[in-house]
Amino acid sequence: MISHIHTFFEKVIMYPAMRIAGEGPYGWRPKIDSIKKRWTALVQKMKTLAKSTWTTICRVGQEDPRRVFHSLKVGFSLTLVSLFYLLEPLFKDIGQNAIWAVMTVVVVLEFTAGATLCKGLNRGIGTLLAGSLAFFIQYIAQESGQIFRAIFIGTAVFVIGAAATYMRFFPYIKKNYDYGVVIFLLTFNLITVSSYRIHNVLKLAHDRFYMIAIGCGICLLMSLIVFPNWSGQDLHNSTVSKLEGLAYSIEACVNEYFSNEDPNASKDKSSEDPIYKGYKAVLDSKSTDETLAMHASWEPCHSRHCYRFPWQQYVKLGDVLRHFGYTVVALHGCLQTEIQTPRSVRALFKDPCIRVAGEVSKALLELADSIRKHRQCSPEILSDHLHEALQDLDTALKSQPRLFLGPNAHASTNMLAFAAATARQKSSKDLGVSLSSVKTDSSALLQWKSRRAAASSGEQVAERKVLRPTLSKMAITSLEFSEALPFAAFASLLVEAVARLDLVIDEVEELGRVANFREFSAVDAQEAATCQKPERGNGAPLENHLPSHGAD
């Protein structure tokens with residue numbers, strides 16, 4: 001009896017208490033701890049996500065504060081056109097057509113004034129031409145019967161649609177008026193096809209045209225008056241930034257090549273490498289330059305000078321800078337080659353190379369400063385120091401002929417003969433086949449070639465398989481001048497950069513002449529002598545990162 005009471009007490013009273021306390025084989029505490037851990041991890045992830053989102057929001061606004069003002073302008077413009085829906089008197093007069101004003105603001109209002117003007121005028125002109133042509137076709141079709149009217153409207157839609165689409169392939173039309181042609185096609189088809197079923201299509205078209213005109217007017221007002229952003233100024237600043245980026249990249253690349261750091265460490269650097277950032281903007285700028293130049297051609301004269309700038313000349317300068325940037329890319333690649341020149345060999349040419357890179361960087365910075373200040377570059381932009389540095393580099397290279405030519409002119413033949421002999425010995429040992437001995441270097445090489453050409457049995461195939469990796473390895477390690485080849489390529493690219501610098505200077509001088517930049521004066525010479533190199537990051541190009549359909 002007592003044992004039964006004890007069992008009942010354990011099952012009914014003690015066991016539930018043990019479960020609540022987390023004891024026993026089925027305790028609740030492990031489950032509660034697991035839930036707490038998951039909840040803590042979830043809260044930590046939410047905090048990390050919120051922190052990274054806020055950091056991104058602040059970083060985007062700090063990189064270019066104009067993005068904040070543009071966002072506010074778009075919000076305010078949408079609020080204005082929404083009044084046609086929110087205010088009852090305006091909604092009674094306009095009705096559902098007010099949605100066309102909202103659509104126009106969303107589509108037309110771009111980051112820069114040039115892009116807004118391009119899209120706004122394209123949309124307005126395309127709508128006006130489409131409406132006029134649609135009314136003309138409707139006037140002709142309404143004088144005929146119902147069947148002939150349907151045939152005539154269908155034929156007109158086919159002919160106009162095919163002709164307008166074919167015109168979009170014209171380079172000039174595609175570059176400047178592609179968006180206008182698309183709007184023309186859309187509006188023409190809407191009005192023409194609707195006129196077959198709707199008798200009062202004229203009022204509907206008028207209301208839509210007025211709403212589109214009001215939307216375009218608000219967009220132009222916001223773009224041209226309220227904190228305007230000019231495409232021409234963006235293109236101007238981008239060109240200056242690209243010159244400064246190239247100047248930094250080429251100087252930093254040469255300095256890193258002759259530094260005392262481990263050359264293999266540069267292989268682990270990612271795209272965050274500052275040298276890579278310096279020329280990346282130049283290589284990726286072709287489409288951006290062409291789009292900005294096209295949008296700038298739509299903008300009115302907004303500077304104190306009433307003449308228009310030759311924006312296409314900026315595009316030509318960008319092409320020259322990209323060709324110069326390819327040389328910098330090749331120089332940067334020399335830091336990551338598999339075969340590196342020893343530091344003792346590099347030290348022999350360190351001083352003239354650094355001087356050449358410094359003079360090239362100085363010239364690029366002078367060109368950037370001249371474009372920034374709208375003045376012509378200095379007549380003595382290529383100083384005698386650059387020519388002296390080139391002469392010293394040439395003298396240093398000529399003073400070390402053995403590094404590039406090697407002491408033995410027949411080193412390659414000897415290497416091939418030695419590799420062939422090694423392979424033959426290894427093959428005969430492995431396969432148990434007697435091979436002829438190596439008589440001379442040249443005879444061994446010729447015999448190896450003949451055996452390779454006439455190989456038909458499995459023994460010759462095995463011999464070739466043994467010989468191939470031996471030759472590949474010996475070709476890299478046995479040549480006495482192989483370690484000097486990377487520096488020869490580096491020095492050649494550095495001299496090529498100096499040669500391409502002349503093309504950049506010519507293009508900048510042509511830009512200054514066509515754009516009527518002011519003459520270089522003695523005051524500018526004093527400023528150039530005392531100015532310091534700009535810090536990296538201050539001259540970064542300001543990009544809007546908003547898609548624009550003004551040009552494909």
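Numbering of residues begins at 1 and proceeds along the displayed sequence. Only heavy atoms go into these numbers, but all of them, side chains included; no hydrogens, no water, no symmetry mates.
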Exercise for the section: Ignoring hydrogens and angles, tell me if any N or O in the side chain of Ser52 forms a donor-acceptor pair with the backbone of Leu49 under 3.5 Å. Expected result: yes
Exercise for the section: Please step through side-chain contact (heavy atoms from CB on, under 4.5 Å) for the pair Cys353 and Phe487, ending with a clear verdict. Expected result: CA-CA 11 Å; Cys353 288; Phe487 176 76; 4.0 Å; yes
Exercise for the section: Can you see which heavy atom on Ser77 is nearest to which on Leu109, and at what distance? Expected result: OG-CD2, 3.7 Å
Exercise for the section: Flag the pair Leu243 / Leu365 as yes when at least one side-chain heavy-atom distance between them is below 4.5 Å, and no otherwise. Expected result: no
Practice task
Supply the atom-to-atom distance Leu494 CG to Leu393 CG, rounded to the nearest 0.5 angstrom.
Solution key: 7.0 Å
Practice task
Evaluate the criterion side-chain contact (heavy atoms from CB on, under 4.5 Å) for residue pair Val360 and Val498; output intermediate values, then yes/no.
Solution key: CA-CA 7 Å; Val360 173; Val498 177; 3.8 Å; yes
Exercise for the section: Would you check if the side chain of Ser238 reaches a backbone N or O of Leu235 as a donor-acceptor pair within less than 3.5 Å? Expected result: no
Practice task
Cation-pi check, Lys350 to Phe258: give yes when NZ or CZ is under 6.0 Å from the six-membered ring centre and within 45° of the ring axis, no otherwise.
Solution key: no
Exercise for the section: Find the distance between CG (Leu117) and CD (Glu299) and round it off to the nearest 0.5 Å. Expected result: 7.0 Å
Exercise for the section: Measure the spacing between CZ of Phe209 and CD1 of Ile214 and express it to the nearest 0.5 Å. Expected result: 11.0 Å
Exercise for the section: Give me the ring orientation class for Tyr314 and Trp311: parallel if the planes are under 30° apart, tilted from 30 to 60°, perpendicular past 60°. Expected result: tilted
Practice task
Give a yes or no on whether His387 atom NE2 has more than 12 heavy-atom contacts from other residues, nucleotides or ligands under 6.0 Å away.
Solution key: yes
Exercise for the section: Answer whether the closest heavy-atom distance between the side chains of Thr116 and Thr112 falls below 4.5 Å. Expected result: no
Handout entry: Candidate pair Val254 and Phe490, rule side-chain contact (heavy atoms from CB on, under 4.5 Å), full reasoning
Key = CA-CA 9 Å; Val254 174; Phe490 184 84; 3.9 Å; yes
Exercise for the section: Could you tell me which non-hydrogen atom of Glu519 sits nearest to which non-hydrogen atom of Gln376, and how far apart they are? Expected result: OE1-OE1, 3.3 Å
Handout entry: Side-chain donor or acceptor of Ser361 paired with backbone N/O of Ala247 under 3.5 Å
Key = yes
Exercise for the section: State whether a side-chain donor-acceptor pair under 3.5 Å links Arg346 with Gln340. Expected result: yes
Problem - Under 3.5 Å donor-acceptor, Lys119 side chain and Val107 backbone - result: yes
Handout entry: Closest approach of Arg123 to Cys216 (non-hydrogen atoms, all atoms of both residues)
Key = CD-SG, 4.4 Å
Exercise for the section: Please report the closest heavy-atom contact between Glu388 and Arg355, naming both atoms and the distance. Expected result: C-NH2, 3.8 Å
Problem - Any side-chain heavy-atom pair of Ser223 and Trp230 under 4.5 Å - result: no
Problem - Salt bridge flag under 4.0 Å for residues Asp284 and Lys242 - result: no
Practice task
Return yes if some donor-acceptor pair links the side-chain N/O of Ser492 with the main-chain N/O of Ala488 below 3.5 Å, else return no.
Solution key: no
Completion exercise
In this structure, OG1 of Thr127 is separated from CG of Leu186 (nearest 0.5 Å) by 8.5 Å
Exercise for the section: Check whether any side-chain heavy atom of Leu335 sits under 4.5 Å from a side-chain heavy atom of His332, and report yes or no. Expected result: yes
Problem - Electrostatic pair Arg59:Asp64 at N-O distance under 4.0 angstrom - result: no
Practice task
Please lay out, stage by stage, how Asp234 and Arg66 fare under the test salt bridge (Lys or Arg N to Asp or Glu O under 4.0 Å).
Solution key: CA-CA 12 Å; Asp234 281 357; Arg66 299 179 304 169; 2.9 Å; yes
Problem - Thr165 side chain to Ala162 backbone, donor-acceptor under 3.5 Å - result: no
Practice task
Identify whether the distance between the nearest side-chain nitrogen and carboxylate oxygen of Arg375 and Glu366 falls below 4.0 Å.
Solution key: yes
Handout entry: Leu317, Leu321, Ile505 screened by side-chain contact (heavy atoms from CB on, under 4.5 Å) with Leu367, the one that passes
Key = Ile505
Practice task
Examine His70 together with Phe227 and report whether their ring centres are nearer than 6.0 Å.
Solution key: no
Exercise for the section: Provide the closest heavy-atom pair for Val315 versus Arg322 in the form atom of the first, atom of the second, distance. Expected result: O-NH2, 4.4 Å
Handout entry: Sub-4.5 Å side-chain heavy-atom contact between Met211 and Thr104
Key = no
Fill in the blank from the handout: Between Ala357 and Glu251, the two heavy atoms sitting closest are CB-CA, 4.4 Å
Problem - Any side-chain heavy-atom pair of Leu283 and Tyr326 under 4.5 Å - result: yes
Handout entry: CD-CZ distance between Gln313 and Arg513, expressed to the nearest 0.5 angstrom
Key = 8.0 Å
Handout entry: Backbone N/O of Gly180 and side chain of Asn122: donor-acceptor pair under 3.5 Å
Key = yes
Practice task
Please list all pairs passing the ring-ring contact (aromatic ring centres under 6.0 Å, His included) test where one or both residues lie in residues 355-382, with sequence neighbours left out.
Solution key: His236-His374, Phe309-His374, His374-Phe517
Practice task
Start with the C-alpha gap between Phe69 and Val226, add the side-chain angles, then the distance that decides, and say whether side-chain contact (heavy atoms from CB on, under 4.5 Å) holds.
Solution key: CA-CA 9 Å; Phe69 292 103; Val226 182; over 6 Å; no
Problem - Arg372 bridged to Asp369 by N-O distance under 4.0 Å - result: yes
Handout entry: Arg168 side chain reached by Val182 side chain, heavy atoms, under 4.5 Å
Key = yes
Practice task
Flag the pair Leu129 / Phe188 as yes when at least one side-chain heavy-atom distance between them is below 4.5 Å, and no otherwise.
Solution key: no
Exercise for the section: For the pair Ser259 (side chain) and Glu256 (backbone), establish whether a donor and an acceptor sit closer than 3.5 Å, ignoring hydrogens and angles. Expected result: yes
Handout entry: Side chain Ser249, main chain Ile275, donor-acceptor under 3.5 Å
Key = yes
Problem - Distance (rounded to the nearest 0.5 Å) between Tyr279 OH and Thr327 OG1 - result: 12.0 Å
Handout entry: Main-chain N/O of Phe111 paired to Asn229 side chain as donor or acceptor, under 3.5 Å
Key = yes
Exercise for the section: Return each pair, listed once, that meets salt bridge (Lys or Arg N to Asp or Glu O under 4.0 Å) where at least one residue sits in residues 497-509; pairs must be two or more places apart or across chains. Expected result: Glu496-Arg500
Practice task
Give a yes-or-no answer on whether the side chains of Gln233 and Asn237 include a donor-acceptor pair shorter than 3.5 Å.
Solution key: yes
